[in-house]
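Working notes, structure below.
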Amino acid sequence: MSKRIAVIVTDMVEEIELTDPVKAYKDAGHTVDIISDEADKTIKGKNGDELKADKGIEDASASDYDALLVPGGFSPDLLRINPKNGEFAKEFMEAEKPVFAICHGPQFLVETDLLKGKELTGFVSIKKDLENAGAIVKDEEVVVDGNLVTSRTPDDLPAFNRESLKLLK
């Protein structure tokens, strides 16, 4: 059964952490919407690629989606500026919908105030942030804790995509 996946992202995203999972989801028959600060925004990636947002955060509702992807790069930190972004992610976690976050992506999830006791991983530089939020941080290519799938770096994308797709079945 096809699922609808929201991708929350803004400028300075690590492009491969967006494009690789999105391709895997679409290849599996799922629908993906890129959500950013505003609809039709041109998102400038960390490596110079440009991507177009499908919707703005003001027009997005977590109830319209089955899962959430948070790619890494510097985008997760920039997303934290607007409280609506954190509220959007919190709705997924409270509803126990699948949430996929890679590299710096888990840092954004600190905004949900729902990481206490969760096992996860992320890029080494965000470990202290995650621990301070009450998470149990592991150094593994992919960590699955219920509906939450996290990975450390682009090198972990095959495992990240594999475990994400399992939750979308």
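All of these numbers come straight from a predicted model, not from anything done at the bench. All values below come from the heavy atoms of this structure, side chains included, with hydrogens, waters and symmetry mates left out.
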Does the [X] side chain pair with the main chain of [Y], one donor and one acceptor, at a distance under 3.5 Å?
X: D145; Y: L120; answer: no
X: S36; Y: V9; answer: yes
X: E14; Y: G72; answer: no
X: T112; Y: L109; answer: yes
X: D33; Y: A6; answer: no

Side chain to side chain, [X] and [Y], heavy atoms closer than 4.5 Å:
X: I34; Y: I43; result: yes
X: E17; Y: V13; result: no
X: K44; Y: M12; result: no

Quick one: sort the F160 and F100 rings into parallel, tilted or perpendicular, breaks at 30° and 60°. perpendicular
Non-hydrogen atoms of [X] and [Y] that approach each other most closely:
X: T42; Y: E50; result: CG2-OE1, 3.6 Å
X: S75; Y: T10; result: OG-N, 2.9 Å
X: P98; Y: L167; result: CG-O, 4.0 Å
X: F88; Y: S61; result: CE1-C, 3.7 Å
X: I136; Y: G117; result: CD1-O, 3.6 Å
X: H30; Y: L168; result: NE2-CB, 3.7 Å

Are [Y] and [X] connected in a single hydrophobic cluster, I mean Ile/Leu/Val/Met/Phe/Trp/Tyr linked by side-chain heavy atoms less than 4.5 Å apart?
X: L51; Y: I35; value: no
X: F108; Y: I57; value: yes
X: V99; Y: Y25; value: no
X: L68; Y: L165; value: no
X: V22; Y: F92; value: no

Got a second to check how far [X]'s [atom1] is from [Y]'s [atom2], nearest 0.5 Å?
X: L114; Y: M93; atom1: CG; atom2: CE; value: 5.5 Å
X: K3; Y: K169; atom1: NZ; atom2: NZ; value: 11.5 Å
X: N85; Y: R80; atom1: CG; atom2: CZ; value: 11.5 Å
X: T121; Y: D156; atom1: OG1; atom2: CG; value: 7.5 Å
X: K118; Y: T150; atom1: NZ; atom2: OG1; value: 10.5 Å
X: T153; Y: L157; atom1: OG1; atom2: CG; value: 7.5 Å

Looking at K127, I'd like to know if its NZ atom is crowded, meaning that more than 12 non-hydrogen atoms belonging to other residues, nucleotides or ligands lie closer than 6.0 Å. no
- Start with the C-alpha gap between D11 and K41, add the side-chain angles, then the distance that decides, and say whether salt bridge (Lys or Arg N to Asp or Glu O under 4.0 Å) holds. CA-CA 10 Å; D11 294 326; K41 174 183 176 165; 3.4 Å; yes
Next item on the list: Flag this pair as yes if the NZ/CZ of R152 is under 6.0 angstrom from the six-membered ring centre of F123 and inside a 45 degree cone about the axis; otherwise no.
Entry: no
Does NZ or CZ of K97 come closer than 6.0 Å to the centre of the six-membered ring of Y65, within 45° of the ring's axis? no
- prompt: Is any side-chain N of the basic residue among K166 and E163 closer than 4.0 Å to the acidic one's carboxylate O?
  reply: yes
Note to self: Do the side chains of K84 and E87 get close enough for a salt bridge, i.e. N-O under 4.0 angstrom?
What the structure shows: no
Derivation of the side-chain contact (heavy atoms from CB on, under 4.5 Å) call for K90 and E111:
CA-CA 8 Å; K90 186 173 187 170; E111 296 301 306; over 6 Å; no
Strictly by modelled atom types, are [X] and [Y] linked by a side-chain donor-acceptor pair under 3.5 Å?
X: T31; Y: K26; value: no
X: N47; Y: E15; value: yes
X: N82; Y: D37; value: no

Partner of Q107 under side chain to side chain contact (heavy atoms under 4.5 Å, CB included), picked from L79, V70, D77, is D77
